[in-house]
Amino acid sequence: MSEYNPSRIEPKWQNHWVGRKIFRTDDSDRSKPKYYVLDMFPYPSGSGLHVGHPEGYTATDIVARYKRMRGFNVLHPIGWDAFGLPAEQYAIQTGTHPAVTTQTNIKRFREQLQALGFSYDWDREVDTTDPAYYRWTQWIFLKLYERGLAYEAEIPVNWCPALGTVLANEEVIDGKSERGGHPVVRLPMRQWVLRITRYAERLLEDLEGLDWPESVKEMQRNWIGKSTGADIIFRLKGHDAEIKVFSTRPDTLFGATYMVLAPEHPLVDTITTAGQRAAVSAYIESASHKSDLERTELVKEKSGVFTGAYAINPANGAEVPVWIADYVLISYGTGAIMAVPGHDERDWEFAKTYALPIVEVVGGGDVTQAPWTGDGKLVHSGFLDGLDVAEAKSRMIAWLEERGAGTGSVNFKLRDWNFSRQRYWGEPIPVIHVDGGPKPLPVDTLPLTLPDVERYEPSGTGESPLATITDWVATTDPETGRPARRETNTMPQWAGSCWYYLRYISPDYTLGPVDPDREKYWMPVDLYVGGAEHAVLHLLYARFWHKVLYDAGVVHTVEPFQKLVNQGMILGEDNQKMSKSRGNIINPDDVIRQYGADSLRLYEMFMGPLEQVKPWSMRGVEGVHRFLKRVWRVYMQEESEALSADIRPVEATREQLKVLHETIRKVTEDIENGRYNTAISQLMIFNNEAMKWEVKPLEVMRTFVLLLSPFAPHMAEELWEKLGNPETLAYEPWPVWEERHLAADAFTYAVQVNGKVRAQLTVDAALADDQAYVMGLAKADATVAKYLENGIKKEIFVAKRIVNFVV
RNA sequence: GCGAGAGUGGUGAAAUUGGCAGACACGCCAGACUUAGGAUCUGGUGCCGCAAGGCUUAGGGGUUCGAGUCCCCUCUCUCGCACCA
């Protein structure tokens, strides 16, 4: 009885691979070219793997196995991004230490990944919650601090009273907490902040050289949000003060008919006149209560209040009123704008609402009807009249700079990165506070380990649970012995995932985060596969840290991830996003139990292009499972464990070699180009052919097993063994196709008349390029001749493909 | 609203980049072997039409001997960003 039985052969090979460390990477072997293929760092959640995980993981595993066979030294690691809120929430509910929960989850994830047959080097597993790992996360933090890139600031954060904790922006959805849907308010709090803005320009520029999806690059560009313009200074009438604004349109300065400050702008209080004070205070009050949701929902209706103050337009000396309005954001630019209603949508709407003057300074539209934001000749603008926008911009900047009234300037949307979390289950920030100021711990005291706490609830004051451990918080400065207070904030989950790809390179290294010698060999990551949800934050933060480490001489490449691929989400069978509430979740364990890991792997790749969003189909799984069963029947006898007697060491026929070499070529090229679905189609085509052969040449069948192996490694290893090979096929040389076997004996021409196919013409290969011969043959065809009776206007001949007569 | 991407059979999708649209699968139909089949094998299957033939890649226009592929317009969907001056 030798039915294809994945539940027997799969564990056998998984044990073989893991037990004998078949995929341990030997990085002392520098004779081979290296290939670093990386999966995005998984968070080991309590619910285990979902079918989205194996999608990207199978793709990288195929590449890893293929590259090994192509003679590359392959680094293909996995590990755990294991800090994070869920384990802490669970601890609050049950009292179980997050470390215990985390280790349980990791164990489950590891077993699940091994059950899929991925060829990871398990000796390089990393775990962000391991002090031996986060020691170096802390070390990098100190590097950031040392380089002036980490600072403390009182910044408004998303305080959630119900959860008693501060939330990251991405955890706040429509003004409510992502978990639980509790209200969230903005509250200033002392935070550690990383100065990512200092790297804005480089983060933007270096996108150019990366082999990443254009959409991801574009999202990063938008997030960084560079805009070029000028800072312009407006003096205030009757005050010894001035307002600095940022504008991308300094050319329109003559059209600035009023100014707007953000309600939070520090000058508001100073300049507000007695008569306007009540109205201004009321407006500031109401604006502060508006949630982000309300602010965005009220986009259409602009509101604001006049402060009573006037400023002097530096271009023409005109007095312009100064307003406050919440359409101006305190967090962007200088928190103040010059309003040019003739040439800006928002200013135009505001001016219409409050009947402020609208002046045309760029021709091309009718500013009484709509703002004109396009190009045109400058008018009503003194020395700029007649210039176009680009020229007027640079003239105006020069003019402002001569008079000290402004400078050319660049602004970014990107903000500094709030790096504090008021939580327990994260890396402690290695800082103490002495005499009211922060002081980094000496590097030789690292790691600063997480102490145990009695209770995991937030302290309620907004501080992390660590603040409740008074004997931990109270410490002494190791250098001076003076009393000190420990930092109680911990790092965000991003921290560990910002540099894990470096730790894989030398997980055992004790002198730094990464061994410089091995780093030079392995970096950069050649292929990075993961979900599009990390298109901005993770990838931007990791790039930032990498550049800092580059500047610190820790790494030798400017960018960490050379090529990036985003796998598309897998939807449920109902075409909806998989979710518990919809009940459409597919559990990979069930699929493996019923069809085996090879079927799951194959199906996930066969569904369609990796990058595409696509719905799950159990029928589809059955389809690829049937394919594997057919492969099995081609190789194995029906009634025994023995190889089929049809497989014999005989010379292959031309046809057999042709389909084999076509398969080698197609599979090779498709893997190289990430087209795993069509590679599998070709494997099916080969097997469909092989089923028809009465005698199956051993050498051909041996080669096919190698081609199948990256996709369905368990079955391939089993068949390889049956074919008489004692060793794993993982390092067998990848088959190479030969052009001579691809040559066709004959070609079929489509004969068209006026672009419509009227006949098929099979021409012997030797004559296929002979235009005169083929055309003669085509004209002689009875059906074609019928259409040619009235003479031929033009003849088209495309060698080996098509003939077209225009009549 | 702005930005990016995508629309191909009943379904998932292919299409050497301008050369026979629908490979490979799923599903469906018929048959074979079967007590049975949700196993396996064989054949069929874009749409209309008895047929000859005609029509087909979201819709409309264009370039070309020839367009799923290139250009213009319209529609729809997905993702991202939301007053960024």
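Because the structure is a prediction, the values reported are computed rather than measured. To find a chain, count down the sequence lines: A is the first, B the second, and so on, and within it residues start at 1. Because only heavy atoms are used, hydrogens play no part in the values below, and waters and symmetry mates are left out as well, while side chains stay in.
- Taking atom P in both B:G46 and B:A21, one finds a spacing of 14 Å when rounded to whole Å.
- One P atom belongs to B:A52, the other to B:U57, and the distance between them is 23 Å to the nearest Å.
- Taking atom P in both B:G19 and B:C71, the straight-line distance is 15 Å, to the nearest Å.
- Ranking B:G3, B:C20, B:A85 by closeness to the A:Glu218 side chain, first place goes to B:G3.
- Comparing B:G27 with B:G54, their C1' atoms sit 28 Å apart, to the nearest whole Å.
- No hydrogens or angles were tested; on distance alone, nothing pairs the side chain of A:Lys793 with the base of B:C65 as donor and acceptor under 3.5 Å.
- No hydrogens or angles considered: nothing links the side chains of A:Gln637 and A:Ser644 as a donor-acceptor pair under 3.5 Å.
- Separating the P atom of B:A58 from that of B:G10 is a span of 13 Å, rounded to the nearest Å.
- A gap of 15 Å separates the P atoms of B:G62 and B:G68, to the nearest Å.
- Side chains of A:Arg801 and A:Tyr749: a donor-acceptor N/O pair is absent below 3.5 angstrom, by distance only.
- Using Watson-Crick or G-U wobble geometry with both donor-acceptor distances under 3.5 Å, B:G1 finds its partner in B:C81.
- The separation of B:U69 from B:G18, taken at their P atoms, amounts to 11 Å, rounded to a whole angstrom.
- Out of B:A13, B:A39, B:C24, the shortest distance to the side chain of A:Lys629 is found at B:A39.
- Ring to ring, A:His625 and A:Tyr4 are close: their centroids are under 6.0 angstrom apart.
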Scan nucleotides 15-19 of chain B against the protein and return all N/O pairs shorter than 3.5 Å with their distances rounded to 0.1 Å.
from, atom 1, to, atom 2, distance (Å)
B:U16, N3, A:Arg801, NH1, 2.7
B:U16, N3, A:Arg801, NH2, 3.1
B:U16, O4, A:Arg801, NH1, 2.0

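- Between A:Lys692 and A:Glu689 there is a salt bridge, since at least one side-chain N of the basic residue sits less than 4.0 Å from a carboxylate O of the acidic one.
- A donor-acceptor contact closer than 3.5 angstrom links the side chains of A:Gln220 and A:Arg543.
- Here the two rings, on A:Tyr327 and A:Trp348, have centers that are 6.0 Å apart or farther.
- No hydrogens or angles considered: nothing links the side chains of A:Asn411 and A:Ser227 as a donor-acceptor pair under 3.5 Å.
- Listed candidates were B:A25, B:A85, B:G80. Nearest to the side chain of A:Met219 is B:G80.
- B:G44 and B:C26 have their P atoms separated by 15 Å, with the value rounded to a whole Å.
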